[in-house]
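First comes the structure, then the notes that go with it.
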There are 4 protein chains.
Amino acid sequence: MFELDLRSRAPIYEQLVDKIKELIINNVLKPDEQLPTVRVLASELTINPNTIQKAYRELEYRGYVYSVPGKGNFVRATVPDNNAARLQTLEREVLKNVSEMLYLGMSPHDITTLIQRSLSEDKGGKVHD
Amino acid sequence: MFELDLRSRAPIYEQLVDKIKELIINNVLKPDEQLPTVRVLASELTINPNTIQKAYRELEYRGYVYSVPGKGNFVRATVPDNNAARLQTLEREVLKNVSEMLYLGMSPHDITTLIQRSLSEDKGGKVHD
Amino acid sequence: MFELDLRSRAPIYEQLVDKIKELIINNVLKPDEQLPTVRVLASELTINPNTIQKAYRELEYRGYVYSVPGKGNFVRATVPDNNAARLQTLEREVLKNVSEMLYLGMSPHDITTLIQRSLSEDKGGKVHD
Amino acid sequence: MFELDLRSRAPIYEQLVDKIKELIINNVLKPDEQLPTVRVLASELTINPNTIQKAYRELEYRGYVYSVPGKGNFVRATVPDNNAARLQTLEREVLKNVSEMLYLGMSPHDITTLIQRSLSEDKGGKVHD
DNA sequence: GTGGTCTAGACCACG
DNA sequence: GTGGTCTAGACCACA
């Protein structure tokens, strides 16, 4: 289900957070759907359960998941609320990346195409308040 | 010259790499221009010289800087050569960020505007092979 | 009758204890009034009877309820007896919370208003020994 | 420095979070002051370093502390920003506690006195935006 | 020396 | 069986 790079500099739990966040954003994991249990995912990925736990806890802090002790971890139905700060970070990130793509020789036209494609491909699925 | 956030989670040397790369990309630091010597920059930023050294080595490895032993470090005139791989990474990154911006409620129109603005602001400056 | 949050971190039996205690304190449940039987409440809330049982036992232990074997559970007419200790705990709790409200920027005036409002809203109903 | 109740139902790390938060709120720990290092506190309290780490991380999430890897953990100079939700929780808590204090026989006058005393005793020390 | 990550393995509360 | 907590002990990156 997930591909982890154990040799990467990025901590395992963060790679997990990233992957799962992506699945939620792209509506592959639906609202209130249960995530794999800590133990199951741990054995599937041959990773220590504590590491999975940490990833789930992190996702909870960031507002993508909620945990019901004794039941499991589930996808939160609502979008995180500290939008503003996060959006600003994302904007800065994108601008930096676009600069670098230009620098590396990618044409403005190709960049625009890239963005438009990603905008039309959006899988949506969440309702905003 | 540089503003470092000593309290940030990001390692200092990486902040340095990022800032300098940005200056090169935006053509503030011109091709073959000499970067501040390790000593000077270290004393200006009141930072351990080893940290500066590490940042310069990293920039050299990534193809943004070349080092002339006994002389100093200079901006490379040509664009890094592992373009394809890096560009692919950047594209994936941008797509992911755009998805998240949509998920967080930013409108496609605002995203397009953001990108177009950044495309027209490009400072250019490098000649591609 | 009760609104439980099955997704909450707080154990269900504790939520139950809290709700019922509140109803007793606010004199909604009158002295010697019978509480819903375990079975009834369990089916109403679609919750495991053991969980209800545990909540009732807890309420009995804390002095808010008495159990008549074969009859059911009833609201105790008299106030719990370990007043002093409990009151001290409550006082410490309130002081801590007031400190935090001040720290978070709530004005002393608003805090006073909050308290006075709650004092005048008291539903009373119990006679003290 | 801290008194922990190892037999309490409350997890050790949460007790720690509570104590430290209190010290920060009461301005005993000043802004930008360094907290005891993970290892030192762990050996002082004869508790596993991971547990301290978890407490510090939790404090960071809640906005009371920042961590500089390789340097240590420090008191944040600014007040947490998700005030509204937290304040609402605190208000509800206080109302509930006041109700219970009345129920247990504490007089409205004594309650008012308690609050006023705590309001005038505020050690302040933080500047709000 | 500092925080951060990870593992292995144990125990507990809840339902 | 589930998540949550805790310990012991190891290793790494950073400055």
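Chain naming here is simple, since letters A, B, ... match the order of the sequence lines and numbering starts at 1 in each.
In B:R39, the CZ atom is not crowded: 12 or fewer heavy atoms of neighbouring residues, nucleotides or ligands sit closer than 6.0 Å.
You'll find a donor-acceptor pair under 3.5 Å spanning the side chain of D:R39 and the base of E:dG3, going by distance alone. Side-chain N/O atoms of A:N50 and base N/O atoms of E:dG9 include a donor-acceptor pair closer than 3.5 Å.
Here the P atom of nucleotide E:dA13 and the CG atom of C:N48 are 18 Å apart, to the nearest Å. Rounded to whole Å, atom C1' of F:dC6 lies 15 Å from atom CD of D:E58. Remark: C1' of F:dC12 and CD of D:Q53 are 13 Å apart, rounded to the nearest angstrom. The separation between D:I52 atom CD1 and F:dG9 atom C1' is 16 Å, rounded to whole Å. F:dT5 atom C1' lies 6 Å from atom NZ of D:K54, rounded to whole Å. In this entry the distance linking CD1 of B:I47 with C1' of F:dC14 reads 12 Å, nearest Å. In this structure, CG of D:D5 is placed 12 Å from P of F:dC6, rounded to the nearest angstrom. Rounded to whole angstrom, the span from the CG atom of C:L16 across to the P atom of E:dC14 amounts to 13 Å.
Counting non-hydrogen atoms under 4.0 angstrom, D:Y13 reaches the backbone sugars and phosphates but no base.
Mapping A:R57 and A:K71 onto DNA chain F by nearest heavy atom places A:K71 closer to the 5' end of the strand. Comparing A:Q34 and D:G70 against DNA chain F, the residue whose closest nucleotide sits nearer the 5' end is A:Q34. Of the two residues near DNA chain E, C:P11 and A:I12, the one whose nearest nucleotide lies more 5' is A:I12.
Under the 3.5 Å distance criterion, the side-chain polar atoms of C:T51 are left unmatched by any main-chain donor or acceptor of C:I47. Checked by atom type and distance alone, the side chain of D:E58 never pairs as donor or acceptor with a backbone atom of D:V17 at under 3.5 Å. For the pair D:Q15 (side chain) and D:D5 (backbone), a donor-acceptor distance under 3.5 Å is present. The backbone N or O of A:A42 sits nowhere less than 3.5 Å from a side-chain atom of A:T46 that would complete a donor-acceptor pair.
Of the side-chain N and O atoms in A:T51, none sit less than 4.0 angstrom from OP1 or OP2 of E:dT5. Considering only side-chain N and O atoms, D:S67 lies under 4.0 angstrom from the phosphate OP1 or OP2 of E:dG4. Note on D:N73: every side-chain N or O is 4.0 Å or more away from OP1 and OP2 of E:dT2. Between B:R9 and F:dA13, a side-chain N or O to OP1/OP2 separation shorter than 4.0 Å is absent.
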Decide salt bridge (Lys or Arg N to Asp or Glu O under 4.0 Å) for A:R76 and A:D32; before the verdict, give the C-alpha distance in whole Å, the side-chain angles of both, and the deciding distance to 0.1 Å.
CA-CA 6 Å; A:R76 276 192 53 167; A:D32 288 316; over 6 Å; no
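Remark: D:E100 engages C:R86 in a salt bridge, criterion side-chain N to carboxylate O under 4.0 Å.
Where DNA chain F pairs in unbroken runs of 3 or more (Watson-Crick or G-U, both distances under 3.5 Å), the stems are E:1-14 with F:1-14.
Here the closest non-hydrogen pair linking C:I24 and C:Y64 is CD1-O, 3.5 Å.
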